[in-house]
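Basis for what follows: all heavy atoms, side chains included, without hydrogens, waters or symmetry-related copies. None of the values given here were measured: they were computed from a predicted structure.
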Amino acid sequence: MTMTSANIRRAFLDFFASKQHQIVPSSSLIPGNDATLLFTNAGMVQFKDVFLGQDQRNYTRAVSSQRCVRAGGKHNDLENVGYTARHHTFFEMLGNFSFGDYFKREAIQYAWQFLTEEMQLPKHKLLVTVYESDDEAYAIWLNEIGVPAERIVRIGDNKGAAYASDNFWSMGDTGPCGPCSEIFYDHGEHIWGGPPGSAEEDGDRFIEIWNIVFMQFNRQADGRMDPLPKPSVDTGMGLERIAAILQNVHSNYEIDMFVGLINAAAKITGATDLSDKSLRVVADHIRSCAFLIIDGVQPSNEGRGYVLRRIVRRAVRHGNKLGAKGAFFYQLVAELVKQMGEAYPELAQKQAVIEKVLKLEEEQFGKTLERGLVILEQALQQVEGTVLPGELVFKLYDTYGFPVDLTNDVARERNLTIDQAGFDAAMAEQRKRAQQASNFSADYNTNLTTAQQSKFTGYSEETNQAVVLELIKEGEVVAQLEDGDTGLVILDQSPFYAESGGQVGDTGSLNLASGAVFMIEDTIKLNNAIAHKGKVLGGIKTGDAVSAQIDTVRRAAIKQNHSATHLLHAALRQVLGEHVTQKGSLVQPDRLRFDFSHFSAVKAEELRRIEQLVNEQIQQNHALETRLMSIEQAKTAGAMALFGEKYTDEVRVLSMGEFSIELCGGTHVKRTGDIGLVKLISEAGIASGVRRIEAVSGAGAVAYVQQLEQQAQQVAAALKGDVLSIAERVEQSLDRSKLLEKEIEQLKAKLASQAGASILDQAEQIAGVTVLVAQLPATEPKALRTMLDQLKNKLTSAVILLATVNDDKISLIAGVSADVTDKVHAGKLVGWAAEQLGGKGGGRPDMAQAGGTDVNALSAVLDGAKQQVSQQLA
């Protein structure tokens with residue numbers, strides 16, 4: 001019986017669990033302990049600190065099936081995905097790890113036992129490699145495992161430097177490193193390619209399935225290799241690769257997991273050729289997109305969000321090539337849940353969220369894609385040679401939002417390449433222009449630096465004694481500021497909070513014994529110093545002693561709004577889902593603003609629930625607790641960290657009961673009850689996938705409610721009712737208004753009918769046709785049309801031209817019965833008249849409307865029109 005991918009994953013984890021390995025769940029695709037990585041790209045990433053000795057676990061052996069993405073940064077397989085048998089943006093790495101426990105012998109034995117006994121791979125189909133000087137590993141393979149010498153390949157330093165080999169792994173230029181031993185599977189002589197180390201090693205006959213890294217050295221800056229006190233093991237085996245071998249197929253895209261996704265993609269897009277490479281692209285990309293969204297990434301124009309956007313757009317373009325109509329990509333999530341939901345339950349838990357995010361992004365890109373493909377297609381037809389000009393690629397990107405990688409993809413299919421250097425040059429020029437355009441203004445403290453350091457005392461104090469360390473005026477350090485000068489004052493310690501994390505800087509004063517006062521209008525960070533920006537009344541010099549006093553009323557309002565943002569964040573996640581993350585905030589004394597990731601407008605009932613939750617937490621009057629701890633401890637405690645934010649080793653964790661736990665360095669109230677009240681004012685979208693809520697709290701919220709109440713009372717008085725009956729009264733008023741409007745329309749129609757009847761005596765008979773050209777008193781255009789229809793019904797064979805004037809604007813309408821349209825054209829008649837009156841218009845042969853502005857010429861134009869009609873009929 002063929003083993004499924006799920007069975008292989010389970011068998012691998014169970015095998016190593018039986019060898020006393022701790023099964024460790026896959027970590028997030030967003031590396032939690034490595035800012036140098038865009039995505040988790042190997043199984044060892046979550047254990048990096050353990051290998052470096054910076055983290056301790058309660059186990060020394062581990063096994064995992066790690067989700068990995070290679071679609072950006074150093075490890076980027078995006079361009080190859082779909083065109084080769086084994087490249088993916090998303091893959092699963094099966095790995096077993098030893099942290100100073102077992103080493104080479106056990107690692108080799110475990111790998112061989114699992115492959116040949118558990119998976120029952122034929123031993124003669126396996127070939128292994130070792131680092132050229134690793135005699136220990138070579139001896140284990142030869143003498144203990146029994147691999148023939150001709151199937152053990154030594155790989156030396158083939159990259160121009162010592163220890164620069166495919167079989168020598170390094171964490172970086174310095175640090176843990178060591179030799180590798182790889183296991184290859186031989187697909188047979190009928191497949192082209194040679195063994196590793198040979199000239200034909202890039203062929204598909206010998207495929208690497210397992211890599212064992214023996215971390216035994218610590219590389220020093222001078223190149224010295226010191227033995228590690230606790231040699232460790234890091235292994236990796238691609239689930240997709242081993243599944244292809246065990247399921248007796250040559251391409252990863254033929255394994256059970258991909259067969260299901262490819263069949264689903266074909267059904268959704270209407271594709272019939274299951275070997276189409278575009279189906280591979282779509283099937284691969286749904287995996288990376290779904291798991292990136294699960295881990296908090298949202299499509300955007302920067303960082304990880306941009307990589308996600310690129311992958312989605314590439315999938316959409318290939319879906320369109322297959323014949324997909326409208327949004328289709330999001331529909332594959334259901335099949336993905338079916339294929340991988342058992343191993344990763346979060347797929348099913350967040351299926352609706354994934355689908356919404358993908359559908360929205362797909363719909364937005366649909367417009368860009370349609371426009372860009374037309375222009376690209378036109379350009380491709382005019383290209384001479386095999387290179388698409390860089391300027392054209394840049395125009396598609398800059399003007400039409402068409403991603404460069406998609407342009408490259410299309411060009412590749414036509415056996416063309418893009419002028420990457422030309423594109424890069426155009427991009428550089430654009431950046432230069434943008435920088436020049438932004439240099440139109442400058443603040444006097446822009447680009448300032450200082451070596452001074454200030455201690456912040458504002459968490460517990462609102463005033464303190466301090467000493468002036470430095471004064472800055474117009475960008476220069478000065479010894480003193482004189483009466484009326486503006487500048488920056490840096491103190492040795494200060495209770496003033498410097499603008500940071502969305503919270504505005506404090507204001508207040510620095511008071512000197514001389515009676516001079518430095519009025520602070522803002523507080524900013526300047527390197528490690530707190531800089532107070534303002535104007536001096538009197539004079540201040542370096543070394544002066546001052547009494548620092550913040551504006552306590554303003555600070556109290558800021559603290560209320562800041563604490564309210566934390567409650568709002570937690571409530572948004574509870575009501576809308578855990579995909580909500582903070583994208584920005586502004587905390588001022590009079591209001592707060594909170595930006596967050598979400599894929600659609602927040603419904604009215606959701607906003608009410610969010611506001612209710614926030615105020616419930618205020619009423620419960622939780623004490624705010626702050627603790628200093630390591631970033632890892634904070635995450636373990638469940639603290640929310642801002643996406644993409646960098647934190648120091650020690651962070652400040654702010655808790656409001658169990659409802660909200662976040663990392664924050666700002667100032668806050670002592671208890672949630674101090675906030676008083678939070679009232680949401682507005683909710684709107686500000687960017688793709690980003691929403692904004694504005695709110696008020698404390699006295700500001702009370703003032704807002706009172707303002708609403710005052711307006712409600714005014715409306716109630718106008719409606720002759722009370723505040724509680726406003727909705728009913730307004731509804732009654734609207735119903736009455738609609739009834740009156742209907743009566744007015746009926747009266748207008750009646751008047752129009754009477755007016756039409758009254759002008760019948762102005763009609764003339766010309767060649768057996770009734771000709772009626774007349775000007776009416778001020779009549780609405782809609783009534784004019786009714787009047788024309790009534791007159792045409794009364795007159796069997798007729799030509800009618802009516803005009804009316806409203807607010808110095810002329811309305812014309814013409815009607816010609818069907819038996820006369822061969823002689824008189826209503827559209828041409830009314831068009832001629834409108835042109836004489838400074839307007840324009842036209843229409844069908846039997847009915848047309850137009851307008852004009854020259855009221856003084858109207859009478860003459862109507863006479864001229866009558867003469868034209870007479871001539872045409874005669």
Side-chain angles (χ1 to χ4, degrees), residues 28-30 38-39 72 289-313 316 327 329-330 350 352-368 401 403 500-504 561-562 564-588 591-611 613-614 640-646 660 662-664 666 678 680-696:
S28 168
L29 288 171
I30 312 306
L38 192 65
F39 299 113
C289 291
F291 280 105
L292 284 172
I293 292 169
I294 282 175
D295 287 340
V297 183
Q298 293 280 317
S300 69
N301 288 327
E302 59 185 14
R304 297 181 176 104
Y306 178 61
V307 176
L308 173 58
R309 173 161 284 170
R310 288 178 64 198
I311 300 173
V312 173
R313 291 184 169 188
V316 171
F329 190 48
Y330 76 97
K350 296 188 177 182
V353 171
I354 301 168
E355 290 174 342
K356 287 182 180 179
V357 172
L358 290 179
K359 186 177 182 183
L360 179 63
E361 179 67 16
E362 189 174 0
E363 289 172 344
Q364 290 176 339
F365 180 54
K367 301 171 185 176
T368 298
S500 179
Q503 179 177 334
V504 296
N561 280 330
H562 197 167
T565 63
H566 284 236
L567 293 178
L568 178 59
H569 190 188
L572 282 165
R573 287 172 61 83
Q574 191 169 129
V575 174
L576 302 180
E578 293 186 0
H579 64 281
V580 170
T581 54
Q582 181 176 340
K583 293 297 183 182
S585 67
L586 177 64
V587 179
Q588 296 178 312
R591 67 190 177 106
L592 66 91
R593 189 178 74 203
F594 191 81
D595 300 340
F596 58 98
S597 58
H598 190 52
F599 34 74
S600 62
V602 184
K603 298 174 184 176
E605 58 268 26
E606 292 173 331
L607 287 172
R608 284 193 293 272
R609 178 58 182 152
I610 290 164
E611 185 178 272
L613 278 173
V614 169
M640 280 289 296
L642 296 188
F643 180 74
E645 189 78 9
K646 292 182 179 180
S660 170
E662 288 195 36
L663 306 185
C664 184
V678 167
L680 304 188
I681 295 176
S682 65
E683 188 276 342
I686 60 169
S688 175
V690 180
R691 310 294 301 179
R692 170 174 292 171
I693 281 181
E694 296 200 15
V696 286

Distance, nearest 0.5 Å, that separates [atom1] of [X] from [atom2] of [Y]:
X      : Y      : atom1 : atom2 : result
Ser28  : Leu292 : OG    : CG    : 9.0 Å
Phe291 : Leu29  : CZ    : CG    : 8.0 Å
Leu567 : His562 : CG    : NE2   : 11.0 Å
Leu576 : Lys603 : CG    : NZ    : 10.0 Å
Glu605 : Ile610 : CD    : CD1   : 10.5 Å
Thr581 : Phe596 : OG1   : CZ    : 10.5 Å

Indicate yes or no: at least one non-hydrogen side-chain atom of [X] is less than 4.5 angstrom from one of [Y].
X      : Y      : result
Gln582 : Phe594 : yes
Leu607 : Ile693 : yes
Arg304 : Leu38  : yes
Leu568 : Leu680 : yes
Pro299 : Val357 : yes

Gln588: side-chain contact (heavy atoms from CB on, under 4.5 Å) partners, not counting sequence neighbours: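 side-chain contact (heavy atoms from CB on, under 4.5 Å) list for Gln588, sorted by chain: Val504, Leu586, Asp590, Arg591.
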Set of residues satisfying side-chain contact (heavy atoms from CB on, under 4.5 Å) with respect to Ser660, sequence neighbours excluded: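 Applying side-chain contact (heavy atoms from CB on, under 4.5 Å) to Ser660 gives His566, Ala570, Met656, Glu662.
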Determine the minimum heavy-atom distance between [X] and [Y], stating which atoms define it.
X      : Y      : value
Arg692 : Asp595 : NE-OD1, 2.7 Å
Ala695 : Val678 : CB-CG1, 4.5 Å
Leu613 : Ala571 : CB-CB, 4.1 Å
Asn561 : Val696 : OD1-C, 4.2 Å
Ala327 : Glu363 : CB-CG, 4.3 Å

Worked verdict on Cys289 versus Glu361 for side-chain contact (heavy atoms from CB on, under 4.5 Å): CA-CA 11 Å; Cys289 291; Glu361 179 67 16; over 6 Å; no
Given Lys350, Lys356, His598, the one that forms side chain to side chain donor-acceptor pair (under 3.5 Å) with His579: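 Testing His579 for a side chain to side chain donor-acceptor pair (under 3.5 Å) against Lys350, Lys356, His598 leaves exactly one candidate, His598.
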Residues, nucleotides or ligands: over 12 heavy atoms within 6.0 Å of Glu578 CD: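 Open: at most 12 neighbouring heavy atoms sit under 6.0 Å from CD of Glu578.
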